[in-house]
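Before any comments, here is the structure.
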Amino acid sequence: MGVVTAASLVLLLAGCATGAPSVPAAEDTPATSETPVVEVTEPAVPDLTAADIAAWAADAEWSFAPDGLGEPYPVTLTGGVGADDLSRTYELGDPVEADVDGDGVVDAAIPITLVDGNAVHQLWYIWRGIGMDAAAVAEQVVYPIARTTRCGDVTRGVTAVDGGLQVDIVLRMPFTDDARSCADGGTGELSRVIRLEAIDGAFYPVQTAPVAAWGGVCPPTEWLDGVQESGISGRAAPPASAPVVTDPAQDVALFALREAPLLTTEGQSFFGFIQEYDESAAVRMHCAFAD
């Protein structure tokens, strides 16, 4: 290795000084202390559909009330079908999607058909949608809104409309249809509009058209001996706080109905009424409650 003299060391240092890049002063350096914000997007929860509700209900326990009025009993389904200890079978039909309670989440009306030998009995129930991210996707409203019975009432269709569901039915009218065969069916054609209403923490079907009334199954009276009364505050549902659907200041015709254990657990009176009489209507009587 060569010997570095003092003179050459001075020249070497001078060359390094002239070729060194300039370093900006601290105050000329832009501030970079802010930490970039990273947005975390939660996975989107898909909107609930009637198909989702039907899939949930297909493997659920149902409450089944004979005739839509009787004492309910549980029915367990698997894949949309089931059977009970009496060898009766149950099967679900296609759901109808609608926002029946107005909460912005879809609900579904689903028919369940009971076959008992030659007897076929179908009830339509509303399953109220809760949400895809909920512990239970939907819950059953235990009050049927329509029924089809052998040689009795027939549900022709359930469709979504603004404000709820339209239920198109044909009732077998007392006396008028007694001479008609089962194949001929009844003559009591009626279209009802149904919505769900929250009353005292529970949901009840309430009829909004053609008149305000009970929205569940409303059977024809078996006795055509209505009595004229005044001061009656008939309600749209069993609870005492339910909306009043008859004007107590006007007379109302009241009609006795068959027993309805599903609807009278707290001792309420379940009856038929006519207050807005429409001569052109095939069915003029609707149902309500009072204490």
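In this chain, numbering begins with 1 at the start of the sequence shown. Any value given below was found using the heavy atoms of this structure, including those in side chains, with hydrogens, waters and symmetry copies removed.
To the nearest 0.5 Å, the span separating OG1 on T221 from CZ on F175 amounts to 8.5 Å. Here the OG1 atom belonging to T148 is positioned 5.0 Å from the CD atom belonging to Q122, to the nearest 0.5 angstrom. The distance from the CD1 atom of I53 to the CD atom of E139 is 10.5 Å, given to the nearest 0.5 Å. Summarising the geometry, atom CG belonging to D168 is positioned 11.0 Å from atom CZ belonging to R192; distances are rounded to the nearest 0.5 Å. The OG1 atom of T155 lies 8.5 Å from the CD1 atom of I145; values are rounded to the nearest 0.5 Å.
For the residue pair A98 and L165, the shortest heavy atom distance occurs at CB-CD2, 3.7 Å. Nearest heavy atoms, V211 versus E276: CG1-OE1, 3.6 Å. L123 and P144 get closest at one heavy-atom pair: CD1-CG, 4.2 Å. The shortest non-hydrogen separation linking G234 to T246 is N-OG1, 2.6 Å. When every heavy atom of A160 is checked against every heavy atom of E97, the shortest pair comes out as CB-O, 3.2 Å. Between P205 and V141, the shortest heavy-atom contact is CD-CG1, 4.2 Å.
The local environment of CG in D162 is sparse, with at most 12 non-hydrogen atoms from other residues, nucleotides or ligands closer than 6.0 Å.
Proximity of P72 to V142: side-chain heavy atoms (C-beta onward) are nowhere separated by under 4.5 Å. Looking at heavy atoms from C-beta onward, L190 lies in side-chain contact with P210 at the 4.5 angstrom threshold. Side-chain atoms of T89 and E91, non-hydrogen and from C-beta on, never get closer than 4.5 Å to each other.
When the side chains of ILVMFWY residues are joined at heavy-atom separations under 4.5 Å, either directly or via intervening members, V245 and W214 end up in two distinct hydrophobic clusters. Both L69 and V283 are members of a single hydrophobic cluster when ILVMFWY side chains are connected at heavy-atom separations under 4.5 Å. Both I199 and F203 are part of a single hydrophobic cluster, where members link through side-chain heavy atoms under 4.5 Å apart. Under the 4.5 Å side-chain contact rule for hydrophobic residues, F270 and I232 do not share a cluster. Residues Y143 and L196 fall within the same hydrophobic cluster, defined by Ile, Leu, Val, Met, Phe, Trp and Tyr side chains chained together at heavy-atom separations under 4.5 Å.
Pairs of residues two or more places apart, or lying in two chains, that qualify as side-chain hydrogen bond (donor to acceptor under 3.5 Å, both in side chains) and include a residue from residues 195-206 are R195-E197, D200-S241.
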Tell me which donor-acceptor pairs under 3.5 Å the side chains of residues 55-68 have, and how far apart each pair is, sequence neighbours excluded?
| unit_1 | atom_1 | unit_2 | atom_2 | d |
| --- | --- | --- | --- | --- |
| W56 | NE1 | A138 | O | 3.3 |
| D59 | OD1 | G79 | N | 2.7 |
| W62 | NE1 | A57 | O | 2.9 |

Table please: side-chain donor-acceptor pairs of residues 249-264 below 3.5 Å, with sequence neighbours left out.
| unit_1 | atom_1 | unit_2 | atom_2 | d |
| --- | --- | --- | --- | --- |
| Q250 | NE2 | D247 | OD2 | 3.4 |
| R258 | NH2 | E222 | OE2 | 3.3 |
| T264 | OG1 | A260 | O | 3.0 |

All N/O donor-acceptor pairs, side-chain side in residues 284-291, below 3.5 Å, sequence neighbours left out:
| unit_1 | atom_1 | unit_2 | atom_2 | d |
| --- | --- | --- | --- | --- |
| R284 | NE | D278 | O | 2.9 |
| R284 | NH2 | E279 | O | 2.8 |
| H286 | ND1 | Q207 | NE2 | 3.2 |
| D291 | OD1 | R235 | NH1 | 3.4 |
| D291 | OD1 | R235 | NH2 | 3.2 |

Exercise answer: donor-acceptor pairs, residues 103-112 side-chain atoms, under 3.5 Å, sequence neighbours excluded:
| unit_1 | atom_1 | unit_2 | atom_2 | d |
| --- | --- | --- | --- | --- |
| D103 | OD1 | V105 | N | 2.9 |
| D107 | OD1 | G129 | N | 2.8 |
| D107 | OD2 | V100 | N | 2.7 |
| D107 | OD2 | D101 | N | 3.3 |

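Every residue two or more places apart in sequence or in another chain that forms a side-chain contact (heavy atoms from CB on, under 4.5 Å) with R88 is listed here: Y73, D84, L86, Y90, L114, D116.
Ion pairing between D153 and R147 holds under the 4.0 Å rule for side-chain N and carboxylate O.
Formation of a donor-acceptor pair under 3.5 Å by the R180 side chain with backbone atoms of R172 is not found in this model. Between the side chain of S233 and the backbone N or O of P248, no donor-acceptor pair lies under 3.5 Å.
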